[in-house]
Trainee: 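Quick one: the structure is below, and I'll ask about it shortly.
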Amino acid sequence: MQAGKPILYSYFRSSCSWRVRIALALKSIDYETIPINLIKDGGQQFSEEFQALNPMKQVPALKIDGITIGQSNLSVLKQVGQENQLTWAQKAITSGFNALEQILQSTAGRYCVGDEVSMADLCLVPQVANAERFKVDLTPYPTISRINKTLLTLEAFQVSHPCRQPDTPPELRA
């Protein structure tokens, strides 16, 4: 095992990568980012070099002490097909948010579960960003919206935001 600075192989818009960036920021873990563009050159995640690192060919991949951990969900959107992505994403997000809004009625404090940031919050913010990206009306979800707004004021959520990543295209930067 080799010790050293963790390396996050990431794509700025990946909600899964964003969750990892938030967690690293919350824990004040210094890390190096290596951007993996999921679109350029047919998807850099399919390169032999990246596939040797992560045979799943997905981001994020987090390399810590010589061990690589990976996970992602872009492959689902590809399976749905370009023409069905908007409808499918809206339906999936709305279904999840309908349930979550109800659950939050009994768990929410300042954040999803009381007044301490939890894993639920790390998942919520990127999913709300996905909802906005896929034009989901957030009006029916006042608790989700309130918590999201509160979380976005925290430094860990700001520094990890997709608009602030090294591989963010200039037109999408904050």
Side-chain angles (χ1 to χ4, degrees), residues 1-41 43-47 49-79 85 89 92-93 96-97 100 103-104 107 110-134 136 144 147-169 172-174:
M1 299 261 206
Q2 57 192 39
K5 185 187 276 191
I7 300 171
L8 178 62
Y9 297 84
S10 175
Y11 181 60
F12 79 99
R13 191 175 259 169
S14 162
S15 56
C16 295
S17 295
W18 191 1
R19 289 192 286 267
V20 175
R21 292 192 303 261
I22 295 168
L24 292 168
L26 282 170
K27 294 294 185 181
S28 300
I29 296 173
D30 187 29
Y31 64 97
E32 177 185 348
T33 298
I34 297 184
I36 302 295
N37 192 310
L38 302 181
I39 300 167
K40 185 179 178 184
D41 303 325
Q44 294 174 342
Q45 71 274 27
F46 299 116
S47 71
E49 180 184 0
F50 188 73
Q51 188 173 345
L53 176 78
N54 183 2
M56 292 289 293
K57 300 176 267 191
Q58 299 172 330
V59 297
L62 181 63
K63 190 172 185 177
I64 299 178
D65 296 333
I67 298 169
T68 303
I69 306 163
Q71 190 268 334
S72 184
N73 62 9
L74 180 65
S75 58
V76 174
L77 281 178
K78 286 186 175 185
Q79 290 175 14
Q85 284 182 9
I93 293 168
F97 278 9
L100 181 59
I103 292 167
L104 291 174
T107 65
R110 184 172 169 90
Y111 307 118
C112 288
V113 182
D115 295 330
E116 298 283 330
V117 174
S118 69
M119 189 64 196
D121 300 301
L122 275 66
C123 295
L124 180 75
V125 171
Q127 191 64 357
V128 171
N130 284 336
E132 292 167 345
R133 180 175 165 209
F134 289 107
V136 172
I144 289 172
I147 293 169
N148 182 68
K149 185 177 178 182
T150 302
L151 288 164
L152 286 173
T153 66
L154 301 177
E155 183 181 359
F157 289 81
Q158 292 174 4
V159 300
S160 62
H161 197 282
C163 70
R164 291 189 166 168
Q165 300 313 301
D167 57 328
T168 304
L172 298 176
R173 288 188 177 274

Trainee: Taking Arg173 for the side chain and Pro166 for the main chain, is one N or O donor matched with an acceptor at less than 3.5 Å?
Mentor: yes
Trainee: Only pairs under 3.5 Å count here: list side-chain donor-acceptor contacts from residues 149-157, not counting sequence neighbours, and write none if there are none.
Mentor:
unit_1	atom_1	unit_2	atom_2	d
Thr150	OG1	Arg146	O	3.0
Thr153	OG1	Thr150	O	2.6

Trainee: Considering all heavy atoms of both residues, which atom of Gly4 and which atom of Asp65 are nearest to each other, and what is their separation?
Mentor: N-OD1, 4.1 Å
Trainee: Sequence neighbours excluded, which residues qualify as side-chain hydrogen bond (donor to acceptor under 3.5 Å, both in side chains) partners of Ser118?
Mentor: Asp121
Trainee: What are the two closest non-hydrogen atoms of Arg164 and Gln158, and how far apart are they?
Mentor: CD-O, 3.2 Å
Trainee: Could you pull out all residues at least two apart from Pro55 that satisfy side-chain contact (heavy atoms from CB on, under 4.5 Å)?
Mentor: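 With sequence neighbours excluded, Pro55 shows a side-chain contact (heavy atoms from CB on, under 4.5 Å) to no residue whatsoever.
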Trainee: With no hydrogens and no angle check, is any side-chain donor or acceptor of Arg21 less than 3.5 Å from a backbone partner on Phe12?
Mentor: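 A pair under 3.5 Å: yes.
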Trainee: Apply side-chain contact (heavy atoms from CB on, under 4.5 Å) to Gln85 and list each qualifying residue two or more places apart in sequence or on a separate chain.
Mentor: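 Listed in chain order: Leu77, Gln82.
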Trainee: Which pairs, with at least one residue in residues 22-35 and sequence neighbours excluded, count as a salt bridge (Lys or Arg N to Asp or Glu O under 4.0 Å)?
Mentor: Lys5-Asp30
Trainee: Determine whether a donor-acceptor pair (N or O, by modelled atom type, separation under 3.5 Å) exists between the side chain of Gln165 and the backbone of Val159.
Mentor: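 Pair found, side chain donor or acceptor close to backbone of Val159.
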Trainee: Taking all heavy atoms of Ala129 and all of Trp18, pick out the closest pair and write down the distance.
Mentor: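 What the structure gives for the nearest pair is CB-CZ3, 3.4 Å.
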Trainee: If we ignore hydrogens and angles and just use 3.5 Å, is the side chain of Gln44 paired with the main-chain N or O of Asn37 as donor and acceptor?
Mentor: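 Yes, because the side chain of Gln44 sits within donor-acceptor range (under 3.5 Å) of the backbone of Asn37.
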Trainee: With sequence neighbours left out, write down each residue that passes side-chain hydrogen bond (donor to acceptor under 3.5 Å, both in side chains) with Ser15, or none if nothing qualifies.
Mentor: Asn130
